[in-house]
Amino acid sequence: MDSNQLQIMMEDYIIHIKKDHSRSAVTNPLYALEAFLDINNVQINWRKIRRLLPAQAKKTGKHMGYKRHTKDTCTYC
C-alpha cells in the first residue's frame with residue numbers, strides 16, 4: 001500500500017470516527033497505529049492527522065462547577 005493512500009485512509013477514518021467519539025477514544029488507537037507503522041518504517045504525516053482530532057474537552061478549571069460565595073450563602077461572614 002502506498003503511503004499517500006494510507007494517509008488518505010487515516011484522514012478519512014479520523015473524520016468519520018470523531019463525530020461520535022471523544023478525543024481520548026480517538027487518540028488511543030491512533031497511537032497504536034503510529035507505533036505499528038513506525039516499526040514497519042511507513043512514513044505518513046502525523047502532524048496533519050493530529051490536526052483532524054476533535055477538540056480537547058476542558059473538564060477542570062477556573063469556575064467549573066463552583067459558585068462564588070455571597071453574603072447570603074456565606075456562613076462565617
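This is a predicted model, so every value here is computed, not measured.
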Open item on the list: If I compare all heavy atoms of Leu37 with all of Trp46, which pair ends up nearest, and what's the gap?
Closed with: CD1-CZ2, 3.8 Å
Open item on the list: Main chain of Asn45, side chain of Gln7: is a donor-acceptor contact present, judged purely on distance under 3.5 Å?
Closed with: yes
Task: Pair listing, salt bridge (Lys or Arg N to Asp or Glu O under 4.0 Å) test, anchored in residues 33-54, at least two apart - done: Glu11-Lys48, Glu34-Arg50
- [ ] Name all pairs fulfilling the salt bridge (Lys or Arg N to Asp or Glu O under 4.0 Å) condition that reach into residues 15-24, sequence neighbours left out, sorted by first residue then second.
- [x] none
Task: Which residues share a side-chain hydrogen bond (donor to acceptor under 3.5 Å, both in side chains) with Ser24, sequence neighbours left out - done: Ser22
Working to the nearest 0.5 Å, report the span between [atom1] of [X] and [atom2] of [Y].
X	Y	atom1	atom2	answer
Ile17	Asp12	CD1	CG	13.0 Å
Ile44	Leu33	CD1	CG	8.0 Å
Asp2	Ile8	CG	CD1	8.5 Å

Task: same_hphob_cluster(Val42, Ile39) at 4.5 Å side-chain heavy-atom cutoff - done: no
TODO: Could you state whether Ile49 and Phe36 fall into the same hydrophobic cluster, counting links through intermediate Ile, Leu, Val, Met, Phe, Trp or Tyr residues with side-chain heavy atoms under 4.5 angstrom apart?
DONE: yes
Open item on the list: Counting C-beta onward and ignoring hydrogens, is there a side-chain heavy-atom pair between Leu30 and Ile14 closer than 4.5 Å?
Closed with: yes
